[in-house]
Amino acid sequence: MRTDGRKVLVIGGGIVGLAVARALQARGKDVTVCEKEGHWAAHQSGHNSGVAHAGLYYPPGSHKARMAVAGCRSVVDYAKAHGVRAEVCGKLVVATSSEEVPRLHALADRAKANGVPARLIGSAEAREFEPHVSCIEALRVESTAVVDFPGVCAALARELADGGAQLRLNTPVLAIRPRGSRVAVETPHETLFADQLVNCAGLHADRVARLAGVTPPVRIVPFRGEYYSLKPSAEHLVRGLIYPVPDPSLPFLGVHLTRLIDGSVHAGPNAVIAFDREGYRWRDFSVAEAVRLAGFPGLRRLARRYPRTAVGEVLRSLSPRRFARDLQRLVPELTSADIERHGAGVRAQAMRADGTLVDDFLIVRAAHGVHVLNAPSPAATSSLEIAEHVALELDRR
Ligand SMILES: Cc1cc2nc3c(=O)[nH]c(=O)nc-3n(C[C@H](O)[C@H](O)[C@H](O)COP(=O)(O)OP(=O)(O)OC[C@H]3O[C@@H](n4cnc5c(N)ncnc54)[C@H](O)[C@@H]3O)c2cc1C
């Protein structure tokens, strides 16, 4: 593919970095992607729930609302066009107590405001979709899909390679130095030069911003999300996707049941602080990261604001019985004998110094490029839209 001669270096080979690289290549840029791991989608993009979210949860007008509504369609279309598995299956959000009903109605209003096809249904109709569910009322959302996101990343990488992009695995970016109007990017193997860079480093996005001389307004706090899978004997209890009504004060959707694109059923993810950026297990503990987290006033403020939630999440993480108890609110027949641990993902959630979590995607322009500083869920869903946004930001410079 002919380029306009402008070299852009993308840091991070998750779904956001690869989608950004594709959008830049389509605009005629000479693109290089550096990924520190030996394969694409090694972190969040390969350790998530695999759901293309419809866009009902997010404040109208936010990046998340606009990009998820569009992305839910575009990522499924992209997957199907490239032979990657994806299926529009819809989902149920269920109110299991009378206190949750007003919040369910508020969610229905928000879905309407965001243009998401969703309708309130009674418990009898909910059981037509999910015969084993327990609820007072439910919200049926038709456009939600399940997608093989690592498959999407592989397809993006193939497209990039075919278009002549330089794809560098096992290439951590160690330092970034301005060289006049360009940047020099140090890797263990060589120094790469670029006109612009795009930081899509996920769990390390704040550190990479600092390498580039930018003081980020946030720091990344890693929240581990642990999964269980239903044993095959219990899989018949869940046909599709069953979600609780989320707590509006928290950025996570609550433990839910998801029938993945491969047909298996997952339960989770919970949300516990990880003591390492890539802390997939309790024993993944970085003293340096723990000290940094302990010294971060934002985290102490968050813990003071939600002490019961924090303790509850830790207890649930340690006890399968407690995990199963939360699932029983959705599907009463499920017991702890029906579930087994099934890995984890670590969310990169940006936090301000005052302890508030950044709700929306945060994409910041700086001297030599663009930094994607908050791209948690639904960023896999919205990856193609985030990519267009970043490409426009770079063009505006
Ligand atoms: C448990 C969980 C469940 C989720 N469920 C969903 C869902 O159902 N639907 C949805 O839309 N979203 C979901 N998400 C969110 C979604 O996975 C992320 O928003 C998305 O994957 C972010 O992509 P990314 O490319 O920004 O980050 P990542 O996939 O984390 O990629 C960043 C990459 O940068 C690399 N990197 C970091 N530092 C450097 C460096 N110095 N040099 C080179 N490379 C570097 C990393 O190795 C990594 O591969 C979930 C996330 C988690 C953790």
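Atoms within a ligand are numbered from 1 in the order they appear, just like the ligands themselves.
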key: Salt bridge flag under 4.0 Å for residues E128 and R140   =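 Between R140 and E128 there is no salt bridge, as every charged N stays at least 4.0 Å from the carboxylate O atoms.
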message = Taking the basic N atoms (NZ, or NE/NH1/NH2) and the acidic carboxylate oxygens, is any pair closer than 4.0 Å for D195 and K7?
response =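 Answer for the salt bridge query: no.
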Can you figure out which of [options] has its heavy atom closest to [atom]?
atom: atom 32 (C) of ligand 1; options: C200, C153, G343, A375; result: C200
atom: atom 11 (O) of ligand 1; options: T381, I176, I386; result: T381
atom: atom 23 (O) of ligand 1; options: S45, G14, A42; result: S45
atom: atom 38 (N) of ligand 1; options: R207, H266, H204; result: H204
atom: atom 2 (C) of ligand 1; options: H43, E37, H47; result: H47

query = Does any pair with a residue in residues 108-137 pass ring-ring contact (aromatic ring centres under 6.0 Å, His included), and if so which ones, sequence neighbours excluded?
reply = H132-H236
Closer than 4.0 Å to some heavy atom of [X] - which atoms of ligand 1 meet that?
X: H53; value: 7 (C), 8 (O), 9 (N), 10 (C)
X: P172; value: 42 (N), 43 (C)
X: C34; value: 43 (C), 44 (N)

Test of proximity, [X] against ligand 1: N or O pairs below 3.5 Å:
X: V173; answer: yes
X: N48; answer: yes
X: Y227; answer: no
X: E278; answer: no
X: R347; answer: no

query = Among all protein non-hydrogen atoms, which one is nearest to atom 34 (O) of ligand 1, and what is the separation to 0.1 Å?
reply = G12 CA, 3.2 Å
query = Would you call W40 and L167 a side-chain contact if the rule is heavy atoms closer than 4.5 Å?
reply = yes
request  = Can you tell me which residue pairs pass the side chain to side chain donor-acceptor pair (under 3.5 Å) test with a partner in residues 206-215, sequence neighbours excluded?
outcome  =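 Found H204-R207, D206-R277, R207-E289.
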